[in-house]
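Some notes on the structure that comes next.
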2 protein chains.
Amino acid sequence: MGVTKTHIFSSAQNEMAQIAKVLAHPARIAILEYISKQEGCICTDLVDEIGLAQPTISQHLNEIKKIGLLKGSFEGKNLCYCIDEERWQELQNSFNAFFTNINQNCC
Amino acid sequence: MGVTKTHIFSSAQNEMAQIAKVLAHPARIAILEYISKQEGCICTDLVDEIGLAQPTISQHLNEIKKIGLLKGSFEGKNLCYCIDEERWQELQNSFNAFFTNINQNCC
DNA sequence: ATTTAATATTGCAATATTACGATAATAATA
DNA sequence: TATTATTATCGTAATATTGCAATATTAAAT
């Protein structure tokens with residue numbers, strides 16, 4: 001118990017849920033919003049901006065990375081994270097398709 | 001620890017995360033898809049269709065209900081659940097706004 | 001009134017998530 | 001090469017989520 005039974009669902013359903021899970025924390029929403037507003041992005045800024053400890057921010061960044069949403073490039077000792085545009089578009093399309101495919105025909 | 005620090009985020013960020021959390025489980029994705037395909041919907045159908053125990057389905061339905069996505073009306077001893085169109089549209093708009101407001105300008 | 005069928009609630013075990021202190025790794029700078 | 005600054009990883013505590021058996025609730029049907 002306590003484990004999601006992923007094997008009984010389609011891969012599309014599992015993927016949709018996994019993407020949603022990444023968006024299911026306000027810190028990750030805030031991180032995405034903040035990165036998009038900056039020209040570049042340095043992780044320390046995020047720690048100051050958001051108010052969670054550095055390891056916690058690092059963990060959240062990792063969750064976002066896992067679904068391919070972050071491109072990171074080192075600029076000297078600093079790390080510049082930014083959003084992968086192509087992947088972002090993909091996710092937007094997935095959500096849009098999901099929302100529009102649900103059609104309500106009862107009650 | 002282990003509690004999300006909601007107080008350090010904006011209500012918009014918290015709401016976004018909360019909605020995403022409901023979509024962050026394949027069973028709930030499957031439930032929404034199934035309901036939308038049916039004329040009506042009875043919980044037992046869902047139990048048969050999805051393959052989780054009846055109390056588990058009931059719990060998932062409750063999560064979906066919490067964000068106002070389900071309208072339910074009893075038809076005799078059966079319960080007909082359906083998706084609240086207005087609320088659904090609202091959520092679609094929120095997601096769309098979120099995705100389009102993120103603009104990538106680095107790297 | 002009993003029985004039956006459908007859904008909800010309770011209680012609990014297993015696992016996942018969130019958060020952070022301590023520490024490691026990495027690379028620029030003195 | 002030591003120091004410093006930035007980010008990652010490890011270990012751990014607290015809380016949340018998932019899932020189900022047992023049971024309660026509700027209302028139709030007998």
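In the text below, chain A, chain B and the rest are named by the order of the sequence lines, each starting its count at 1.
With B:N62 contributing its side chain and B:S58 its backbone, the two residues share no donor-acceptor pair below 3.5 Å.
For the segment residues 53-64 of chain B, residues with any heavy atom less than 4.0 angstrom from an atom of DNA chain D are, sorted by number, B:A53, B:P55, B:T56, B:Q59, B:H60.
If you measure from atom NE2 of A:H25 to atom C1' of C:dA16, you get 13 Å, rounded to the nearest angstrom. Distance B:L52 CG to C:dA8 P: 15 Å, rounded to the nearest Å. Here D:dT7 presents its C1' atom at 14 Å from CG of A:D48, a figure rounded to the nearest Å. Distance, B:E49 CD to C:dA6 P: 17 Å, rounded to whole Å. Rounded to an integer number of Å, the gap from CG of B:D45 to P of C:dA6 is 9 Å.
In terms of phosphate contacts, A:T44 brings a side-chain nitrogen or oxygen within less than 4.0 Å of OP1 or OP2 of D:dT7. The side chain of A:K21 contributes no N or O atom lying less than 4.0 Å from OP1 or OP2 of D:dA16. Contact check, B:K65 against C:dA8: a side-chain N or O comes under 4.0 Å of OP1 or OP2.
For the atom pair CD of A:Q54 and OG1 of A:T44, the computed distance is 7.5 Å after rounding to the nearest 0.5 Å.
Between A:F98 and B:W88, the distance from one ring center to the other falls under 6.0 angstrom.
Atom CD of A:Q92 sits in a crowded spot, with more than 12 heavy atoms from other residues, nucleotides or ligands closer than 6.0 Å.
In the set D:dT7, C:dT18, D:dA8, the nucleotide with an atom closest to the side chain of A:Y81 is D:dA8.
If you run side chain to side chain donor-acceptor pair (under 3.5 Å) between A:E63 and each of A:Q59, A:K66, A:H60, only A:K66 comes through.
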